[in-house]
Participant: 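The structure is given below, and queries will be raised subsequently.
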There are 2 protein chains.
Amino acid sequence: MEHRIEKIKKQLQSQSYKLTPQREATVLVLLEHEEDHLSAEDVYLLVKEKAPEIGLATVYRTLELLNELEVVDKINFGDGVSRYDLRKEGANHFHHHLVCMECGAVDEIQEDLLGDVESIVERDFQFKIKDHRLTFHGVCHRCQTEDTAAASETEETEYSSK
Amino acid sequence: MEHRIEKIKKQLQSQSYKLTPQREATVLVLLEHEEDHLSAEDVYLLVKEKAPEIGLATVYRTLELLNELEVVDKINFGDGVSRYDLRKEGANHFHHHLVCMECGAVDEIQEDLLGDVESIVERDFQFKIKDHRLTFHGVCHRCQTEDTAAASETEETEYSSK
DNA sequence: GTTGGTGCAAAGAATTTGCATGCTT
DNA sequence: AAGCATGCAAATTCTTTGCACCAAC
């Protein structure tokens, strides 16, 4: 984790930006919640625990900066807010998402599944791909099993609830 | 086109909604601009030409209704506004998009390129896929040729989020 | 002492909602 | 008359901006 902060710090400094305490706190929050997909407001509330005096505008400004530096990706699942997702180290592609339409859970797929598809698109459409967004909407494994359990609502044996 | 309006009308009526003049005008605009990716404001301005008394709120309400009926898909390219895309007739998958980072043009890919990928995802992640969103960000053919022609220009069209 | 960064409040933009009125049945 | 649908304006929500102040080089 130290290592990643250092790396980001260098990245900032190379473009003559500073890693201020507020920016550091924001990056820390993102690192600690790498699997989540936090909105700016979410980040703000979490950063406030470390640095109570921070303002929401600073969080927005920091997230925008990190987005420009390609440290985070700004994503949108269609619920009206932007969410910020830390880029994985060494990832040369943006990961994919699975959004459950029932419980709202968002899982990530790290593998690159689009290699072949991108070759086809670049060739057939003469479009130079720089980035992609792939999100599947459907029903996650957890909700599928719950659904079948509820659907056959006879005396189904209850598993331990999470 | 008549045919498609009729179909949508039936779809509305089957759920006891009415095809009011405002709704009809809105659907017509969507049909006439099937290749575009209009924002609510865009639709509003175009509908106003047919039905000048319409209000923006009605357009929003109509688009939301059409979205629920799966007549249109609501999409978001990360520029802060929702866009509405008419579903193709008989399309059993949501088409893909190519967004040019230079000129902002949005092209569509109708072919389904994700069949194999979806099989893998359903198997490996036990996730039941209902829908998908796939967007490539990059440089379209037009801009690529322009770029090489005028490589030192200082143009820049709008696309970035304000 | 510039310069960049911050906090706060105000402004802006996109979308939603409350409500009185209007159509349709 | 009953109820959905509409237009308008006000309200909400998310995000950006203006500005005075602070800190670091």
Side-chain angles (χ1 to χ4, degrees), chain A residues 8-9 11-29 37-69 71-84, chain B residues 8-9 11-27 29 37-69 71-84 158-162:
Chain A
I8 291 167
K9 184 174 179 182
Q11 222 174 327
L12 284 163
Q13 289 172 340
S14 76
Q15 319 228 357
S16 46
Y17 293 115
K18 297 169 200 163
L19 183 62
T20 63
Q22 289 92 334
R23 286 176 183 169
E24 185 167 18
T26 304
V27 172
L28 271 170
V29 162
H37 299 83
L38 304 174
S39 67
E41 186 84 29
D42 295 337
V43 173
Y44 172 60
L45 293 173
L46 289 164
V47 172
K48 245 177 143 42
E49 295 173 8
K50 294 183 199 297
E53 75 296 346
I54 200 171
L56 179 55
T58 300
V59 171
Y60 271 104
R61 283 186 280 231
T62 301
L63 290 171
E64 197 199 335
L65 178 60
L66 294 174
N67 186 224
E68 275 160 25
L69 295 176
V71 170
V72 302
D73 285 299
K74 191 174 179 178
I75 49 180
N76 199 304
F77 294 130
D79 61 348
V81 292
S82 292
R83 297 177 180 280
Y84 298 85
Chain B
I8 291 166
K9 185 174 180 181
Q11 221 174 328
L12 283 164
Q13 289 173 340
S14 74
Q15 320 227 359
S16 46
Y17 293 114
K18 298 168 199 162
L19 184 62
T20 62
Q22 290 90 335
R23 286 176 183 169
E24 185 167 19
T26 305
V27 172
V29 162
H37 298 84
L38 305 174
S39 66
E41 185 83 31
D42 295 337
V43 173
Y44 172 61
L45 293 173
L46 289 165
V47 172
K48 245 177 144 40
E49 294 173 8
K50 294 183 200 296
E53 75 295 347
I54 199 169
L56 179 55
T58 300
V59 172
Y60 271 104
R61 283 187 279 234
T62 301
L63 291 171
E64 196 198 335
L65 178 60
L66 294 174
N67 185 223
E68 274 161 27
L69 295 176
V71 170
V72 301
D73 285 299
K74 190 174 179 177
I75 49 181
N76 199 303
F77 294 130
D79 61 348
V81 293
S82 292
R83 298 178 179 279
Y84 298 85
E158 51 89 25
Y159 162 72
S160 57
S161 43
K162 356 134 237 206

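The sequence lines fix the lettering, A, B, ..., with proteins before strands; numbering per chain opens at 1.
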Participant: Send over the distance from B/Q13 CD to D/dC4 C1', rounded to a whole Å.
Facilitator: 14 Å
Participant: Measure the shortest side-chain to side-chain distance between B/K9 and B/L12 over non-hydrogen atoms and say whether it is less than 4.5 angstrom.
Facilitator: no
Participant: Give the minimum heavy-atom separation between B/Y44 and B/I54, together with the two atoms involved.
Facilitator: CE1-O, 3.4 Å
Participant: Between B/N76 and A/N76 (side chain of the first, backbone of the second, donor and acceptor by atom type, cut-off under 3.5 Å), is there such a pair?
Facilitator: no
Participant: Would you call B/E49 and B/V47 a side-chain contact if the rule is heavy atoms closer than 4.5 Å?
Facilitator: no
Participant: Just how far, in rounded Å, is C1' of C/dC23 from OH of B/Y17?
Facilitator: 18 Å
Participant: I need the CG-P distance between B/L19 and D/dC4, as an integer number of Å.
Facilitator: 18 Å
Participant: First locate atom CD1 of B/I8, then atom OG1 of B/T26, and finally report the distance between them rounded to the nearest 0.5 Å.
Facilitator: 11.0 Å
Participant: With a cut-off of 6.0 Å (strictly less than), are more than 12 heavy atoms of other residues, nucleotides or ligands near CZ of A/F77?
Facilitator: yes
Participant: Whole-Å distance between C/dG5 C1' and A/L65 CG?
Facilitator: 11 Å
Participant: Can you find a pair of side-chain heavy atoms, one from A/Q22 and one from A/T62, that are under 4.5 Å apart?
Facilitator: no
Participant: When the distance from CG of A/D79 to C1' of C/dT16 is rounded to whole Å, what number comes out?
Facilitator: 16 Å
Participant: Report yes if at least one side-chain N or O of A/S82 is closer than 4.0 Å to OP1 or OP2 of D/dT15; otherwise report no.
Facilitator: yes
Participant: In whole angstrom, what separates A/K74's NZ from D/dT15's P?
Facilitator: 7 Å
Participant: OP1 or OP2 of D/dT16 versus the side-chain N and O atoms of A/Y60: is any pair under 4.0 Å?
Facilitator: no
Participant: By the 4.0 Å heavy-atom rule, please label A/S39 as base, sugar-phosphate, or nothing.
Facilitator: nothing
Participant: Sort me out a list of protein N/O and nucleotides 6-12 of chain C N/O pairs below 3.5 Å, or just none if empty.
Facilitator:
unit_1 : atom_1 : unit_2 : atom_2 : d
C/dT6  : OP1    : A/T20  : OG1    : 2.5
C/dT6  : O3'    : A/Q22  : NE2    : 2.8
C/dG7  : OP1    : A/Q22  : NE2    : 3.4
C/dG7  : OP1    : A/E53  : O      : 3.0
C/dG7  : OP1    : A/I54  : N      : 3.4
C/dG7  : OP2    : A/G55  : N      : 3.1
C/dG7  : OP2    : A/T58  : OG1    : 2.4
C/dG7  : N7     : A/R61  : NH2    : 2.9
C/dG7  : O6     : A/R61  : NH2    : 3.4

Participant: In whole angstrom, what separates B/R83's CZ from C/dA14's C1'?
Facilitator: 12 Å
Participant: Rounding to a whole Å, what distance do you find between A/N76:CG and C/dT15:C1'?
Facilitator: 14 Å
